[in-house]
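Beneath this line is the structure, given in structure tokens, with notes to follow.
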Amino acid sequence: MFTMTVRTRIAPSPTGSPHIGTAYIALFNYAFARKNGGQFILRIEDTDQSRSTRESEQEILDALNWLGIPWDEGPDKGGPCGPYRQSERTAIYREHALSLVEKGKAYPCFCGEARLRELRRRQAEAGQDKLGYDGLCGGLDPAEAARRMRAGEPHVIRLRVPAEGECAFKDRFREEVRIPWNTIDHQVLLKSDGFPTYHLANVVDDHLMGITHVIRGEEWISSTPKHLLIYGAFGWTPPEFAHLPLLRNPDKSKLSKRKNPTSILYYRRAGYLPAALRNYLGLLAYSLPDGRERFSLDDMAATFDFSRVSLGGPIFDPQKLRAFNGAYIRGMAPGELMGECRKWMLNDDAWLKAISMAQPRLALLSDLVPMTAFLFSDRPGAAAADLAAACGGDAGLAAQRLKLAQWECEKSAAWNKDVARGIFDRIAGKENVKLKDLLRLFFLALSGAEVSLPIFDSMELLGRDMVVRRIQYALEALDAAGTPLKGKALKALSERYEAAYCAAQ
RNA sequence: GCUCCCAUCGUCUAUCGGUCAGGACACCAGGUUUUCAUCCUGGGAAGCGGAGUUCGACUCUCCGUGGGAGCGCCA
């Protein structure tokens with residue numbers, strides 16, 4: 001008798017810093033697969049050509065490796081269902097999309113961006129509840145559509161969605177979920193650049209990779225009908241779905257980097273222990289039958305049960321995570337802790353870099369540690385008044401420059417001193433200020449002192465995410481001192497930023 | 001606006017019809033410690049509202065209310 005083994009997956013998109021939410025979802029997928037003696041797969045969803053980067057992909061692997069959530073198959077280690085990177089599977093998606101067109105389950109759409117924008121505008125104006133594509137090209141004569149496709153007319157492939165009735169499916173965490181079909185858009189499956197959208201690629205890959213259980217964030221509930229429809233169109237048996245509650249900010253909104261550090265790499269750099277972070281993430285939506293709060297990955301995997309997952313959107317509480325981390329540290333033997341410190345930053349590799357920077361400024365060996373302390377800390381603690389003073393006493397200006405730099409750093413995939421230098425050169429140019437004058441603020445924000453070690457070398461050793469975090473600390477200090485950057489002012493700055501820094505060349 | 005999801009201390013949660021509603025973080029008080037931290041002890045702190053079902057509801061049903069998510073050629 002053929003028994004299907006449980007296969008789960010995490011399918012992150014390599015756009016930006018590896019997100020704490022990715023680790024959270026990965027953790028549950030891993031635990032469920034392990035509990036059932038199945039496999040856990042890592043698949044890279046890099047179908048967004050404009051935003052995906054190889055650097056980001058590597059960071060995801062590094063982050064998950066550091067966190068200690070191992071996968072059985074993935075782009076780095078291969079497996080029977082490869083390739084595990086969607087950009088290398090485009091032929092598969094194209095072929096599948098076309099087969100759907102042949103079956104009449106999908107159709108080519110020749111509507112350009114202009115028509116769609118106009119359509120959306122009209123719908124909004126009319127106060128229409130259901131926005132989205134009107135299905136115009138769905139009514140095209142198939143022969144005519146095929147002719148236009150062959151003629152090379154730009155087009156996308158859209159899914160044909162029933163106009164009436166509803167889609168009902170079972171979510172392993174809840175009761176049956178029912179969603180009316182008329183609220184589902186005629187989803188684009190294949191983009192005009194020939195790449196699939198998430199929806200197509202995701203379904204095709206989950207099927208081809210033998211995924212039996214899709215455990216993902218709650219944000220996907222409303223697009224599950226589309227996915228089910230695609231499975232049905234192919235004649236495939238869909239996997240089981242289980243939607244986890246989303247991690248939240250203190251104000252209950254979906255966890256965002258604006259209100260919390262969300263980069264796993266920041267937590268690594270700041271000195272959180274993988275075991276503590278894993279435990280905390282698990283605790284957010286899972287509890288052991290015996291009620292213990294301190295538990296290992298193995299504990300979670302051994303006891304894992306869908307019924308023990310709680311559904312209220314948990315607020316990610318940095319304070320409790322910190323307390324947890326402290327408890328882990330205090331629970332270790334000193335020798336063991338020393339090992340953790342070595343893995344972290346207290347090793348020859350990091351010290352050599354720090355020493356190289358400090359050497360020209362050193363008179364005594366004992367100057368070394370005080371001089372480099374900021375490289376090893378989390379928050380250097382720059383005072384708001386000093387930050388303002390570094391901008392000629394203008395706290396508002398300081399906040400704006402910090403924010404601009406933060407945005408620029410965040411979006412940079414590669415990171416080293418030259419990249420950092422480039423970013424600040426560019427800002428100095430756009431803001432019409434001398435680099436030297438601009439940098440005074442950042443010496444303070446990043447090192448806590450007005451004069452310090454070479455700043456770009458420091459930034460390299462600090463790492464992108466720690467730099468971003470320290471800028472955030474500085475912004476928080478200014479905010480606390482009565483110079484908030486939010487609401488209209490933030491929006492205005494953001495618009496100016498988009499126009500001046502992001503416009504296509 | 002429309003669709004869907006969710007709802008126990010400030011926060012994360014336990015409870016699967018009968019409990020003084022338990023634990024953890026945070027907070028407060030006390031104790032141990034040459035300081036601090038740790039550690040220990042104690043304290044305040046919760047079932048969103050209204051109908052039902054039931055001998056009995058935090059627990060089941062319905063209606064409100066509140067919060068969240070989704071509504072892209074992003075994932």
Side-chain angles (χ1 to χ4, degrees), chain A residues 11-16 19 21-22 44-52 86 109 111-113 116-117 119-120 123-124 126-133 154-158 166-167 169 171 173-202 216-226 243-255 279-294 307-327 329-331:
Chain A
S13 179
T15 54
H19 200 277
T22 301
I44 297 294
E45 306 226 330
D46 55 349
T47 54
D48 184 345
Q49 282 283 272
S50 60
R51 296 198 306 146
S52 299
Q86 292 187 327
C109 169
C111 296
E113 210 181 313
L116 296 178
R117 212 180 308 118
L119 183 65
R120 242 170 244 129
Q123 290 173 333
Q128 206 168 309
D129 293 334
K130 45 169 201 168
L131 309 170
Y133 189 61
H155 65 277
V156 300
I157 304 292
R158 282 183 189 274
E166 59 181 14
C167 174
F169 62 95
D171 181 296
F173 293 137
R174 331 164 196 260
E175 299 298 307
E176 193 175 62
V177 177
R178 300 171 158 275
I179 298 174
W181 282 119
N182 67 10
T183 63
I184 309 296
D185 194 20
H186 285 204
Q187 182 61 50
V188 170
L189 300 178
L190 206 64
K191 306 181 231 180
S192 54
D193 65 2
F195 270 62
T197 56
Y198 165 84
H199 304 280
L200 204 227
N202 185 264
R216 68 215 313 192
E218 206 175 24
E219 53 195 332
W220 295 109
I221 290 183
S222 45
S223 40
T224 302
K226 285 174 197 172
H243 294 94
L244 247 9
L246 260 24
L247 263 24
R248 313 280 188 93
N249 293 314
D251 67 359
K252 304 262 194 189
S253 58
K254 177 166 139 179
L255 188 67
N279 190 165
Y280 180 68
L281 252 17
L283 202 58
L284 253 19
Y286 188 70
S287 61
L288 289 195
D290 64 13
R292 267 186 304 138
E293 291 209 323
R294 295 271 300 278
S307 71
R308 296 209 62 83
V309 173
S310 54
L311 299 182
I315 291 171
F316 183 86
D317 179 5
Q319 198 173 33
K320 184 157 181 177
L321 169 58
R322 194 186 164 82
F324 244 74
N325 206 67
I329 285 179
R330 292 190 299 274

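To find a chain, count down the sequence lines: A is the first, B the second, and so on, and within it residues start at 1.
- Using a 4.0 Å heavy-atom cutoff across all strands shown, A/R51 reaches at least one base atom of the nucleic acid.
- Across all strands shown, the partner of B/U3 is B/A69, judged by Watson-Crick or G-U wobble contacts whose two distances both fall under 3.5 Å.
- The side chain of A/K320 has B/G23 as its nearest neighbour among B/G67, B/C39, B/G23.
- Applying the 4.0 Å criterion to OP1 and OP2 of B/C73, one finds that A/R120 has a side-chain N or O inside that range.
- Of the listed nucleotides (B/A69, B/U3, B/A24), B/A69 has the atom at the smallest distance from the side chain of A/S253.
- With B/A26, B/A14, B/C12 as the candidates, the nucleotide lying closest to the side chain of A/E293 is B/C12.
- Rounded to an integer number of Å, the gap from CD1 of A/I315 to P of B/C12 is 4 Å.
- Nearest-nucleotide positions on RNA chain B for A/P196 and A/F173 put A/F173 closer to the 5' end.
- Pairing for B/A29 is with B/U41, a Watson-Crick or G-U wobble pair whose two hydrogen-bonding atom distances lie under 3.5 Å.
- Looking only at side-chain heavy atoms (C-beta outward), A/Y280 and A/N325 stay at 4.5 Å or farther from each other.
- Close to B/A75, at under 4.0 Å from its OP1 or OP2, lies a side-chain N or O of A/T47.
- Remark: B/C62 base-pairs with B/G50; criterion is Watson-Crick or G-U wobble with both hydrogen-bond distances under 3.5 Å.
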